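Not measured: the values here are computed from a predicted model. Numbers restart at 1 for each chain; the letters A, B, ... are given by sequence-line order, proteins then strands.
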Amino acid sequence: SAVISQKPSRDICQRGTSLTIQCQVDSQVTMMFWYRQQPGQSLTLIATANQGSEATYESGFVIDKFPISRPNLTFSTLTVSNMSPEDSSIYLCSAAERGQETQYFGPGTRLLVL
Amino acid sequence: SQQGEEDPQALSIQEGENATMNCSYKTSINNLQWYRQNSGRGLVHLILIRSNEREKHSGRLRVTLDTSKKSSSLLITASRAADTASYFCATDARGSYIPTFGRGTSLIVHP
(Lines give C-alpha, C1' and ligand atoms only; values in the text may rest on other atoms or scores of the structure.)
Protein backbone atom coordinates (compact mmCIF):
# COMPACT_ATOMS: atom_id res chain seq x y z
CA SER A 1 0.00 0.00 0.00
CA ALA A 2 1.00 3.63 -0.46
CA VAL A 3 0.79 6.45 2.05
CA ILE A 4 -0.15 9.78 0.52
CA SER A 5 0.10 13.25 1.99
CA GLN A 6 -1.33 16.48 0.69
CA LYS A 7 -0.52 20.10 1.39
CA PRO A 8 -2.25 22.29 2.32
CA SER A 9 -4.94 20.42 4.22
CA ARG A 10 -7.27 23.39 3.86
CA ASP A 11 -7.22 26.96 2.63
CA ILE A 12 -9.45 29.97 2.24
CA CYS A 13 -8.72 31.97 -0.90
CA GLN A 14 -9.96 35.08 -2.60
CA ARG A 15 -11.59 34.85 -6.00
CA GLY A 16 -9.24 35.47 -8.90
CA THR A 17 -6.24 33.96 -7.14
CA SER A 18 -4.61 30.56 -7.69
CA LEU A 19 -3.72 27.76 -5.29
CA THR A 20 -1.27 24.93 -5.83
CA ILE A 21 -1.91 21.66 -4.01
CA GLN A 22 0.93 19.24 -3.48
CA CYS A 23 0.64 15.46 -3.34
CA GLN A 24 3.48 13.28 -2.06
CA VAL A 25 3.52 9.48 -2.17
CA ASP A 26 5.85 7.48 0.07
CA SER A 27 6.79 5.11 -2.75
CA GLN A 28 7.10 5.19 -6.51
CA VAL A 29 3.75 4.65 -8.21
CA THR A 30 2.78 4.37 -11.83
CA MET A 31 -0.52 6.23 -11.77
CA MET A 32 -1.56 9.40 -9.96
CA PHE A 33 -4.95 11.03 -10.17
CA TRP A 34 -6.68 14.22 -9.07
CA TYR A 35 -10.33 14.26 -8.01
CA ARG A 36 -12.78 16.91 -6.92
CA GLN A 37 -15.48 16.18 -4.37
CA GLN A 38 -18.14 18.77 -3.68
CA PRO A 39 -19.97 18.60 -0.34
CA GLY A 40 -22.10 15.49 -0.04
CA GLN A 41 -21.28 14.44 -3.55
CA SER A 42 -19.29 11.76 -5.29
CA LEU A 43 -15.75 12.04 -6.56
CA THR A 44 -15.25 13.52 -10.01
CA LEU A 45 -12.01 12.70 -11.78
CA ILE A 46 -10.24 15.85 -12.96
CA ALA A 47 -7.22 14.29 -14.64
CA THR A 48 -4.59 11.59 -14.67
CA ALA A 49 -1.16 13.00 -13.87
CA ASN A 50 1.40 11.52 -16.24
CA GLN A 51 5.06 11.46 -15.31
CA GLY A 52 7.12 13.38 -17.84
CA SER A 53 4.22 14.37 -20.08
CA GLU A 54 1.03 16.41 -20.08
CA ALA A 55 -1.83 15.29 -17.86
CA THR A 56 -4.86 13.57 -19.37
CA TYR A 57 -7.95 15.63 -18.56
CA GLU A 58 -11.51 14.42 -18.25
CA SER A 59 -14.40 16.04 -20.05
CA GLY A 60 -15.20 19.42 -18.52
CA PHE A 61 -11.71 20.05 -17.16
CA VAL A 62 -8.99 21.97 -19.00
CA ILE A 63 -5.31 22.53 -18.50
CA ASP A 64 -5.60 26.31 -18.30
CA LYS A 65 -7.88 26.03 -15.28
CA PHE A 66 -6.25 23.02 -13.61
CA PRO A 67 -2.58 22.80 -14.59
CA ILE A 68 -0.95 19.64 -13.27
CA SER A 69 2.66 18.73 -12.86
CA ARG A 70 4.24 15.35 -12.22
CA PRO A 71 8.01 15.66 -12.24
CA ASN A 72 8.67 12.16 -10.85
CA LEU A 73 6.98 8.95 -9.70
CA THR A 74 6.27 10.15 -6.16
CA PHE A 75 5.06 13.75 -6.52
CA SER A 76 2.38 15.76 -8.27
CA THR A 77 0.82 19.19 -8.02
CA LEU A 78 -2.59 20.51 -9.01
CA THR A 79 -3.15 24.23 -9.43
CA VAL A 80 -6.63 25.69 -9.27
CA SER A 81 -6.33 28.87 -11.32
CA ASN A 82 -8.32 32.08 -11.31
CA MET A 83 -10.56 30.71 -8.60
CA SER A 84 -14.24 31.44 -8.17
CA PRO A 85 -16.61 30.38 -5.38
CA GLU A 86 -17.71 27.46 -7.59
CA ASP A 87 -14.24 25.98 -7.12
CA SER A 88 -14.92 25.52 -3.40
CA SER A 89 -14.53 21.80 -2.92
CA ILE A 90 -12.36 19.03 -1.55
CA TYR A 91 -9.50 18.11 -3.89
CA LEU A 92 -8.17 14.59 -3.53
CA CYS A 93 -5.02 13.04 -4.85
CA SER A 94 -4.82 9.29 -5.37
CA ALA A 95 -2.27 6.77 -6.58
CA ALA A 96 -2.37 3.31 -8.06
CA GLU A 97 -0.09 0.83 -9.73
CA ARG A 98 -0.81 0.07 -13.37
CA GLY A 99 -2.78 -3.14 -13.51
CA GLN A 100 -3.84 -2.81 -9.86
CA GLU A 101 -7.39 -1.64 -9.37
CA THR A 102 -7.07 -0.37 -5.81
CA GLN A 103 -6.45 3.34 -5.39
CA TYR A 104 -4.82 4.93 -2.36
CA PHE A 105 -6.06 8.38 -1.45
CA GLY A 106 -4.56 11.36 0.24
CA PRO A 107 -6.48 13.09 3.06
CA GLY A 108 -7.72 15.80 0.72
CA THR A 109 -7.42 19.58 0.53
CA ARG A 110 -10.50 21.49 1.59
CA LEU A 111 -10.72 24.71 -0.41
CA LEU A 112 -13.06 27.61 0.23
CA VAL A 113 -13.12 30.47 -2.26
CA LEU A 114 -14.67 33.74 -1.14
CA SER B 1 -22.37 6.56 -17.57
CA GLN B 2 -20.82 3.74 -15.64
CA GLN B 3 -21.35 5.49 -12.33
CA GLY B 4 -22.61 3.28 -9.55
CA GLU B 5 -25.51 4.49 -7.46
CA GLU B 6 -25.66 3.65 -3.77
CA ASP B 7 -28.83 3.07 -1.87
CA PRO B 8 -29.86 4.27 0.62
CA GLN B 9 -28.32 7.75 0.56
CA ALA B 10 -28.35 7.81 4.35
CA LEU B 11 -28.61 5.12 7.01
CA SER B 12 -28.88 5.54 10.76
CA ILE B 13 -28.59 2.53 13.07
CA GLN B 14 -27.73 1.56 16.62
CA GLU B 15 -24.42 0.05 17.60
CA GLY B 16 -24.51 -3.72 17.29
CA GLU B 17 -26.98 -3.74 14.42
CA ASN B 18 -26.09 -4.74 10.89
CA ALA B 19 -25.85 -2.16 8.11
CA THR B 20 -26.59 -3.01 4.49
CA MET B 21 -25.80 -0.73 1.59
CA ASN B 22 -26.52 -1.40 -2.06
CA CYS B 23 -24.89 -0.32 -5.28
CA SER B 24 -26.33 -0.54 -8.78
CA TYR B 25 -24.48 0.08 -12.03
CA LYS B 26 -25.30 0.16 -15.71
CA THR B 27 -22.79 -1.70 -17.87
CA SER B 28 -20.50 -4.71 -17.66
CA ILE B 29 -17.64 -4.38 -15.23
CA ASN B 30 -14.25 -5.91 -14.50
CA ASN B 31 -14.65 -5.49 -10.76
CA LEU B 32 -16.41 -3.49 -8.08
CA GLN B 33 -14.81 -1.89 -5.07
CA TRP B 34 -16.09 -0.43 -1.84
CA TYR B 35 -14.38 2.51 -0.13
CA ARG B 36 -14.99 4.27 3.15
CA GLN B 37 -14.57 7.99 3.78
CA ASN B 38 -14.54 9.40 7.27
CA SER B 39 -15.74 12.98 7.53
CA GLY B 40 -13.31 15.39 5.91
CA ARG B 41 -10.80 12.69 5.05
CA GLY B 42 -9.62 10.71 2.04
CA LEU B 43 -11.08 7.41 0.93
CA VAL B 44 -9.88 4.10 2.30
CA HIS B 45 -10.17 0.95 0.22
CA LEU B 46 -12.26 -1.74 1.93
CA ILE B 47 -12.73 -4.60 -0.46
CA LEU B 48 -12.68 -5.53 -4.15
CA ILE B 49 -14.87 -8.15 -5.77
CA ARG B 50 -14.25 -9.32 -9.31
CA SER B 51 -16.93 -9.89 -11.89
CA ASN B 52 -16.53 -13.68 -11.64
CA GLU B 53 -16.99 -13.67 -7.86
CA ARG B 54 -20.33 -13.71 -6.06
CA GLU B 55 -19.39 -13.10 -2.44
CA LYS B 56 -16.39 -11.95 -0.48
CA HIS B 57 -15.67 -11.48 3.21
CA SER B 58 -13.21 -9.32 5.10
CA GLY B 59 -13.58 -9.22 8.86
CA ARG B 60 -17.04 -7.79 9.62
CA LEU B 61 -17.59 -6.91 5.96
CA ARG B 62 -19.46 -9.06 3.49
CA VAL B 63 -19.82 -8.03 -0.13
CA THR B 64 -22.01 -9.70 -2.71
CA LEU B 65 -22.12 -9.14 -6.44
CA ASP B 66 -24.95 -10.05 -8.78
CA THR B 67 -23.84 -9.32 -12.33
CA SER B 68 -27.19 -10.37 -13.77
CA LYS B 69 -28.86 -7.61 -11.77
CA LYS B 70 -25.85 -5.28 -12.01
CA SER B 71 -25.87 -4.76 -8.29
CA SER B 72 -23.72 -5.23 -5.23
CA SER B 73 -24.33 -5.05 -1.52
CA LEU B 74 -22.05 -4.26 1.39
CA LEU B 75 -23.00 -5.69 4.76
CA ILE B 76 -21.32 -4.49 7.93
CA THR B 77 -22.13 -6.82 10.80
CA ALA B 78 -22.20 -5.86 14.48
CA SER B 79 -21.67 -2.21 13.66
CA ARG B 80 -19.65 0.11 15.87
CA ALA B 81 -19.73 3.86 16.33
CA ALA B 82 -16.36 3.96 14.55
CA ASP B 83 -18.07 2.64 11.40
CA THR B 84 -19.77 6.02 11.03
CA ALA B 85 -18.62 7.23 7.61
CA SER B 86 -19.65 7.52 3.98
CA TYR B 87 -19.35 4.38 1.89
CA PHE B 88 -18.78 4.50 -1.85
CA CYS B 89 -18.89 1.83 -4.50
CA ALA B 90 -16.58 2.19 -7.47
CA THR B 91 -16.85 0.32 -10.73
CA ASP B 92 -14.50 0.12 -13.66
CA ALA B 93 -15.93 -0.72 -17.03
CA ARG B 94 -14.20 -3.29 -19.16
CA GLY B 95 -11.38 -1.65 -21.04
CA SER B 96 -10.89 1.01 -18.40
CA TYR B 97 -8.60 0.95 -15.41
CA ILE B 98 -10.00 4.01 -13.69
CA PRO B 99 -12.96 3.40 -11.36
CA THR B 100 -16.03 5.60 -11.33
CA PHE B 101 -17.46 6.40 -7.92
CA GLY B 102 -21.08 6.57 -6.86
CA ARG B 103 -22.61 9.25 -4.63
CA GLY B 104 -22.15 7.22 -1.50
CA THR B 105 -24.20 6.10 1.49
CA SER B 106 -23.81 8.11 4.66
CA LEU B 107 -23.87 5.71 7.63
CA ILE B 108 -24.35 6.89 11.19
CA VAL B 109 -23.95 4.36 13.99
CA HIS B 110 -25.29 5.57 17.32
CA PRO B 111 -23.48 4.34 20.43
Side-chain angles (χ1 to χ4, degrees), chain A residues 1-11 21 23-26 29-50 55-61 88-112, chain B residues 1-11 21 23-26 29-53 56 58 63 65 72 85-108:
Chain A
S1 67
V3 177
I4 300 175
S5 59
Q6 284 184 236
K7 289 195 296 187
S9 59
R10 58 178 63 229
D11 208 343
I21 303 168
C23 177
Q24 179 73 54
V25 188
D26 70 341
V29 289
T30 310
M31 315 292 293
M32 292 183 74
F33 305 95
W34 287 97
Y35 288 86
R36 182 172 71 185
Q37 184 183 28
Q38 295 181 315
Q41 299 297 312
S42 180
L43 281 72
T44 300
L45 181 64
I46 297 172
T48 302
N50 300 310
T56 304
Y57 289 85
E58 297 298 305
S59 176
F61 298 97
S88 298
S89 190
I90 299 173
Y91 291 85
L92 293 154
C93 168
S94 74
E97 279 299 330
R98 191 180 297 278
Q100 301 293 317
E101 299 90 346
T102 300
Q103 290 197 25
Y104 301 95
F105 282 84
T109 295
R110 189 179 294 268
L111 172 62
L112 176 62
Chain B
S1 134
Q2 181 54 42
Q3 184 181 45
E5 292 294 335
E6 291 89 343
D7 169 59
Q9 290 187 5
L11 182 60
M21 290 158 268
C23 171
S24 59
Y25 57 92
K26 294 179 181 174
I29 59 172
N30 290 322
N31 60 66
L32 185 145
Q33 303 179 68
W34 286 91
Y35 288 80
R36 182 186 73 220
Q37 183 179 35
N38 290 87
S39 179
R41 306 293 294 171
L43 279 71
V44 174
H45 180 259
L46 295 176
I47 197 164
L48 178 152
I49 187 165
R50 300 196 182 279
S51 59
N52 62 352
E53 297 175 309
K56 207 161 182 181
S58 176
V63 169
L65 178 64
S72 172
S86 292
Y87 292 82
F88 294 87
C89 70
T91 54
D92 62 335
R94 290 185 180 165
S96 170
Y97 56 85
I98 302 175
T100 303
F101 291 82
R103 292 179 178 272
T105 292
S106 175
L107 172 66
I108 297 175

Residue part contacting chain A, namely of Leu48(B), when any heavy atom lies under 4.5 Å: side chain

Any donor-acceptor N or O pair under 3.5 Å, side chains Ser89(A), Gln38(A): no

What part of Tyr104(A) gets within 4.5 angstrom of chain B, counting heavy atoms only: side chain, backbone, both, or neither? neither

Under a 4.5 Å heavy-atom cut-off, does chain A meet the side chain of Gln9(B), its backbone, both or neither? neither

Nearest-0.5 Å distance that lies between atom CG in Leu112(A) and atom CG in Asp11(A): 9.5 Å

Proximity breakdown for Gln37(A) and chain B, heavy-atom pairs closer than 4.5 Å: side chain

For chain B, which candidate among Gln41(A), Met31(A), Arg10(A) shows the most heavy-atom pairs at distances under 4.5 Å? Gln41(A)

Where do Thr109(A) and Gln6(A) land on the side-chain hydrogen bond (donor to acceptor under 3.5 Å, both in side chains) test, with the steps shown first? CA-CA 7 Å; Thr109(A) 295; Gln6(A) 284 184 236; 3.2 Å; yes

Could you point out which residue of Tyr87(B), Trp34(B), Tyr35(B) forms a ring-ring contact (aromatic ring centres under 6.0 Å, His included) with Phe101(B)? Tyr35(B)

Is it the side chain or the backbone of Ser9(A) that comes within 4.5 Å of chain B heavy atoms, both, or neither? neither

Test your reading of the model: is there a side-chain donor-acceptor pair from Glu58(A) to the backbone of Ala47(A), 3.5 Å cut-off? no

